[in-house]
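Residue numbering restarts at 1 for every chain, and letters A, B, ... go by the order of the sequence lines. Just so it is clear, the model here is predicted, and its values are computed rather than measured.
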There are 2 protein chains.
Amino acid sequence: MRVLLVEDDAILGDAVKAHVASLGHAVDWVTTLEDASVSLRAVTYSLMLLDLRLPDGSGLTLLRDMRGREDATPVIILTAHDQISDRIEGLNCGADDYLVKPFNLGELTARMGAVARRYARIPSTFLCLGELKVQPTERRILRKGEDIALSGREWAVLDTLLARRTAIVSKSQIEEALYAFGAEIESNTVEVYVSRLRKKLGREVIETLRGVGYRIKVDDVKAD
Amino acid sequence: MRVLLVEDDAILGDAVKAHVASLGHAVDWVTTLEDASVSLRAVTYSLMLLDLRLPDGSGLTLLRDMRGREDATPVIILTAHDQISDRIEGLNCGADDYLVKPFNLGELTARMGAVARRYARIPSTFLCLGELKVQPTERRILRKGEDIALSGREWAVLDTLLARRTAIVSKSQIEEALYAFGAEIESNTVEVYVSRLRKKLGREVIETLRGVGYRIKVDDVKAD
DNA sequence: CCTGACCTGACACGCACCTGAAAAGCTCCA
DNA sequence: TGGAGCTTTTCAGGTGCGTGTCAGGTCAGG
């Protein structure tokens, strides 16, 4: 799927772009409304991530314009805390969902999945980890039909590991995914969450690579 | 369900809006054709209540325009006694039903229900939630043959959850389904209604996902 | 056997959520 | 018109879960 990211904050944009790319999607990142309009005319996107407050005007104009043109591209608004009124207006203009900054990347994954599914009727995919069936977008894990509940942070860690499948993820990468916005952490939080996940999911699911990071092994990816 | 009310009579509009809201539906009330067009482009409605005689032109234009655009939104025409010819033309333009002013609100309820039911894809399907049998279109819930009564808002919340089945619905999504544009709510209304539904339907029916939203578990969908 | 990296049980705090009850608003009917 | 009987909304107090932190234990490698 192809995503258009409209965001002028370089740091956030970079993080989001990297994350979305790591999910296997093509990402075009633009920082102005001007460029966004050009891109929209040139390419059909599966999803747009839109920051409303841009240096060259309000993203609402763009959104209204799109909907006026019968462009039904799913849109997720990225909004700062103090711009809640914008988001209401945004939804009224035809946006599909919104995320309040700062958000964590796992939640972005979930909302993207939800919006995409709502539109495209894409059957939800699931991953097999041994006897586990994991549906990240549904926030659901089954072991032999039995539900396993994870908390928000636990999901965020698992999402990060799953996004890289079979590749090694360093502790600092996980921290960045959890606290992307400056909220530095100075304890062994990641270790704790890995431990909690292992307790719930089984000891073998997450492998430790001393001095390097962690790795998760996905057996298979299927769709219902 | 979300209703668009197009009516320039302030007193009647007020009454209708209040009544429809009391049935648990979200109502957007506009008084001009201009605004109606804007709303229709921004939002998908389950039903439109349309007064044909408006200050800025005939509602028939709007109706014809909609049907020309393949917009199949159900429409009930609200017509004054001396505009019977309008109503005939309205039906020919693709309206679904009409009400002659002054009408009583009970009749409005009935006709709205009839129209909505006519449009519901599968006639009288029901959903199984544990020991519950739920018929949303009939506004009916049975537990072992025993009727359970829900109020308007309770139905609205339940409808929203059922519409997404097994998927997660955020608190704000529920609020948006319940309240019309701008009617921001600043209390824990959604929590209260979830609590009431659990009291009536059973504690396990609605699952809480902390910081994310709610989810309902539908075992099965059947038709009588 | 020592060192550093990692694991994990326990705990305190805060926040999200729950819920009973009171206040406000509605509809309907006499 | 007014009041009975709902439903809806608000509020406040309580509860429990999630989170981050730490300390002591375990393990691998040199």
Side-chain angles (χ1 to χ4, degrees), chain A residues 100 104 106-107 139 148-158 168-172 174-175 177-179 183-215, chain B residues 11-12 14-27 102-110 139 148-158 168-172 174-175 177-180 183-215:
Chain A
V100 176
N104 86 44
E107 187 174 358
R139 304 224 137 189
I148 300 176
L150 297 188
S151 76
R153 282 278 190 270
E154 286 163 0
W155 270 113
V157 173
L158 186 59
I168 302 168
V169 186
S170 74
K171 236 183 275 195
S172 55
I174 298 178
E175 276 181 19
L178 289 188
Y179 313 98
E184 273 304 295
I185 214 129
E186 71 268 336
S187 77
N188 63 341
T189 314
V190 173
E191 288 170 22
V192 172
Y193 278 100
V194 168
S195 168
R196 284 180 189 157
L197 282 173
R198 289 210 257 239
K199 199 172 184 178
K200 289 188 178 182
L201 307 181
R203 185 143 286 108
E204 322 72 32
V205 171
I206 300 169
E207 184 187 356
T208 301
L209 294 120
R210 246 164 202 269
V212 186
Y214 296 96
R215 175 163 57 189
Chain B
I11 297 174
L12 179 59
D14 219 33
V16 171
K17 180 181 171 168
H19 178 76
V20 176
S22 81
L23 297 173
H25 308 310
V27 189
F103 49 84
N104 91 40
L105 295 170
E107 186 175 358
L108 176 60
T109 311
R139 308 247 113 175
I148 300 176
L150 297 188
S151 74
R153 282 274 193 267
E154 286 164 1
W155 270 114
V157 173
L158 186 60
I168 303 164
V169 185
S170 73
K171 235 182 275 195
S172 52
I174 299 178
E175 278 180 17
L178 248 55
Y179 303 97
E184 268 301 287
I185 212 129
E186 70 271 335
S187 77
N188 61 344
T189 314
V190 172
E191 287 170 22
V192 171
Y193 278 101
V194 168
S195 170
R196 289 211 184 121
L197 282 172
R198 290 210 256 238
K199 205 170 184 179
K200 289 188 177 181
L201 307 181
R203 185 143 285 109
E204 317 72 29
V205 171
I206 300 169
E207 182 188 358
T208 300
L209 294 125
R210 233 153 227 270
V212 184
Y214 296 95
R215 175 161 58 190

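The interatomic distance linking B:Glu154 (CD) with D:dT9 (C1') rounds to 13 Å, in whole Å. Distance CD (B:Glu175) to C1' (D:dT9): 12 Å, rounded to an integer number of Å. Between the NZ atom of B:Lys200 and the P atom of C:dC18 there is a distance of 18 Å, given to the nearest Å. The distance from atom NZ of B:Lys17 to atom P of C:dC26 is 11 Å, rounded to the nearest whole Å. Rounded to a whole Å, the CD1 atom of A:Ile206 is 13 Å from the C1' atom of C:dC7. What separates CD1 of B:Ile174 from P of D:dT9 is a distance of 14 Å, to the nearest Å. The distance from atom NE2 of B:His19 to atom C1' of D:dT8 is 15 Å, rounded to the nearest whole Å. With rounding to whole Å, B:Arg153 atom CZ is found 11 Å from C:dC26 atom P.
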Treat primed atoms plus P, OP1 and OP2 as sugar-phosphate and everything else as base, then score nucleotides 8-17 of chain C 5' to 3': B for base contact with protein heavy atoms under 4.0 Å, S for sugar-phosphate contact only, - for none. BSB-----BB
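Comparing B:Gly152 and A:Ser151 against DNA chain D, the residue whose closest nucleotide sits nearer the 5' end is B:Gly152.
Formation of a donor-acceptor pair under 3.5 Å by the B:Arg153 side chain with backbone atoms of B:Ala21 is found in this model. Judged by distance alone, with hydrogens and angles left aside, the side-chain atoms of A:Arg215 form no donor-acceptor pair with the main-chain N or O of A:Leu209 at under 3.5 Å.
Inter-residue side-chain proximity for B:Val157 and B:Leu178 is flagged as met; some heavy-atom pair is nearer than 4.5 Å.
The shortest heavy-atom contact between B:Ile148 and B:Lys200 is CD1-O, 3.9 Å.
With sequence neighbours excluded, the residues that form a side chain to side chain donor-acceptor pair (under 3.5 Å) with B:Arg139 are B:Asp159.
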Stepwise side-chain contact (heavy atoms from CB on, under 4.5 Å) check, B:Val190 with B:Glu175: CA-CA 7 Å; B:Val190 172; B:Glu175 278 180 17; 3.6 Å; yes
